[in-house]
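Naming: A, B, ... by sequence-line order, numbering from 1 per chain.
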Amino acid sequence: MKVGVLALQGAFDRHAQELSLAGAAPLEIRGPKHLESVDALIIPGGESTTILKLAESLGVRNLLSDQIQDGLPVLGTCAGMIVLSKEIIDGRDDQNPLGSIDIDVRRNGYGRQLASFEADLQIAGFETPFRGVFIRAPLVERAGKDVEVLASVEGHPVFCRQEKIMTTSFHPELVSDGRIHELFLELAFASS
Amino acid sequence: MDKAVRETGTQLVKRGLAEMLKGGVIMDVVDAEQARIAEDAGAAAVMALERVPSDIRKDGGVARMSNPEMIEGIKSAVTIPVMAKARIGHFAEAQILQSLEVDYVDESEVLTPADETHHIDKWAFEVPFVCGATNLGEALRRISEGACLIRSKGEAGTGNIVEAVRHIRAITGDIRKITQADSAELFDWAKKLQSPLPLIQEIAETGRLPVPIFCAGGIATPADASLVMQLGAESVFVGSGIFKSEDPTQMAQAIVEATTNFADADKLAKVSRGLGEAMPGLEIENLETRLSDRGW
């Protein structure tokens with residue numbers, strides 16, 4: 001199974017490592033032609049302004065959006081969650097997300113770097129806590145009725161799923177715990 | 001159920017932000033307007049400073065931390081991370097920058113050093129630090145002092161890539177050699193590099209620095225960015241190279257795209273067109289001050 005990692009900017013190499021450990025073949029995506037051959041995709045953390053801008057200028061955006069609409073399984077972490085959201089609050093005026101999952105997110109909603117934190121998360125279906133690393137993380141302000149919330153912190157969802165789209169406001173690629181990547185691959189396999 | 005105990009300022013959180021900046025361009029800006037141009041062009045972060053290195057070089061005198069109003073103006077102008085520079089060893093400047101809630105502090109040789117023996121004890125801070133290095137020993141000493149991101153120094157403000165290449169090659173070259181060393185030789189490496197043994201042993205095992213390695217100092221064109229990325233840098237800092245070029249907006253965008261597509265010569269050829277003049281360059285042997293000699 002080929003899993004693409006959008007490699008325009010950000011922590012794409014850490015996701016690729018986790019995917020290899022979970023038994024998938026990662027492929028770095030830098031242009032539309034790479035996107036055609038993947039069975040699932042990860043949009044990593046990084047800067048959402050940079051990623052959206054490069055997705056546009058490198059001609060990836062439209063194809064990406066179409067493929068997700070056609071059912072391509074996607075995991076978006078941090079900036080990846082912002083890219084997939086319906087609406088961005090406190091972003092740049094010209095920042096248009098893909099609108100693939102029915103959530104509204106506030107950029108840097110947990111604060112700047114000094115407020116970045118780690119915490120144990122209780123995740124639906126996991127027997128033991130998962131260490132969540134939140135870095136200038138987006139805050140989910142609203143999740144639509146079709147969105148399943150798999151974990152939350154102080155009343156705000158931090159791990160969401162809608163059909164084959166998963167998003168986290170934290171960074172599962174930074175902790176040596178492959179459970180979220182495995183969960184995503186299960187979801188993607190089940191769909192293919 | 002969803003009440004979480006938050007731990008801030010951990011190594012994971014500090015190094016984590018550096019991970020998020022990978023594959024990106026961090027641009028020097030001197031005011032809010034330049035910061036907006038940088039963000040528009042796709043910068044992953046901006047470095048707030050009073051004068052770009054080529055002007056510091058020209059003007060001479062003591063270069064210090066930027067003033068708080070200027071840093072705050074830049075913070076409110078953009079949504080991306082904002083870094084700022086403190087003088088080497090000047091922990092009071094770093095304390096002020098932490099109080100201003102910048103996202104990263106650069107303990108930088110571009111400013112005039114405040115201490116000729118000691119770097120800042122970076123473990124004492126919640127804000128993460130980036131430090132420059134010209135070789136692996138220097139990088140590991142900075143990491144042992146708590147730096148969470150290393151950038152090769154290069155020679156800032158020259159538009160000349162030769163020193164950046166020397167430094168990144170020195171760092172990655174020694175890492176490659178250490179991965180080939182046997183366990184007894186690692187003691188000698190620690191001695192030779194004047195670095196803590198556990199860090200040397202970690203490199204021998206992983207084949208990489210424990211923190212991300214970016215490149216700075218002399219990057220003036222998309223081709224320069226590609227060169228250092230191909231040599232092992234994970235992101236680039238561009239100082240005078242953007243706002244001292246003929247068309248900063250174009251140059252900024254081109255360097256951002258070149259950093260993402262650093263190994264794709266066709267893309268690089270495309271983004272290198274129509275950029276106007278790059279910043280004027282300087283020969284290293286004609287320099288009065290070698291900024292990269294600062295730091296110990």
Distance from A/Phe134 atom CZ to B/Thr8 atom OG1, nearest 0.5 Å? 14.0 Å
Do the side chain of A/Arg112 and the main chain of B/Glu101 share a donor and acceptor less than 3.5 angstrom apart? yes
Write down the atom of A/Gly45, the atom of B/Met20, and the distance for their closest heavy-atom approach. C-SD, 3.6 Å
I'd like to know if A/Arg92 pairs up with B/Asp40 as an ion pair, taking the criterion as any Lys NZ or Arg NE/NH1/NH2 lying under 4.0 Å from an Asp or Glu carboxylate oxygen. yes
Pair B/Lys22 + A/Asp13: basic N to acidic O under 4.0 Å: yes
At their closest point, which heavy atom of B/Thr79 faces which heavy atom of A/Asp90, and how far apart are they? CG2-O, 4.0 Å
Check this for me: does any side-chain nitrogen of one of A/Glu154 and B/Arg6 sit under 4.0 Å from a carboxylate oxygen of the other? yes
Taking side chain as everything from C-beta outward and backbone as N, CA, C, O, which of these in A/Leu174 sits under 4.5 Å from a heavy atom of chain B? Side chain, backbone, both or neither. both
So, do B/Val5 and A/Asp120 sit near enough that their side-chain heavy atoms are less than 4.5 Å apart? no
Heavy atoms of A/Glu118 and B/Leu12 approach each other most closely as OE2-CB, 3.4 Å
Are any of the side-chain heavy atoms of B/Asn261 and A/Leu58 separated by less than 4.5 Å? yes
Which pair of heavy atoms, one from B/Val13 and one from A/Phe117, lies closest together, and at what distance? CG2-C, 3.6 Å
Answer yes or no: is there an ion pair linking B/Glu39 with A/Lys53, defined by an N-O contact shorter than 4.0 Å? no
Could you check B/Glu257 against A/Arg30 for salt bridge (Lys or Arg N to Asp or Glu O under 4.0 Å), going step by step and ending with a plain yes or no? CA-CA 10 Å; B/Glu257 292 200 8; A/Arg30 291 191 165 83; over 6 Å; no
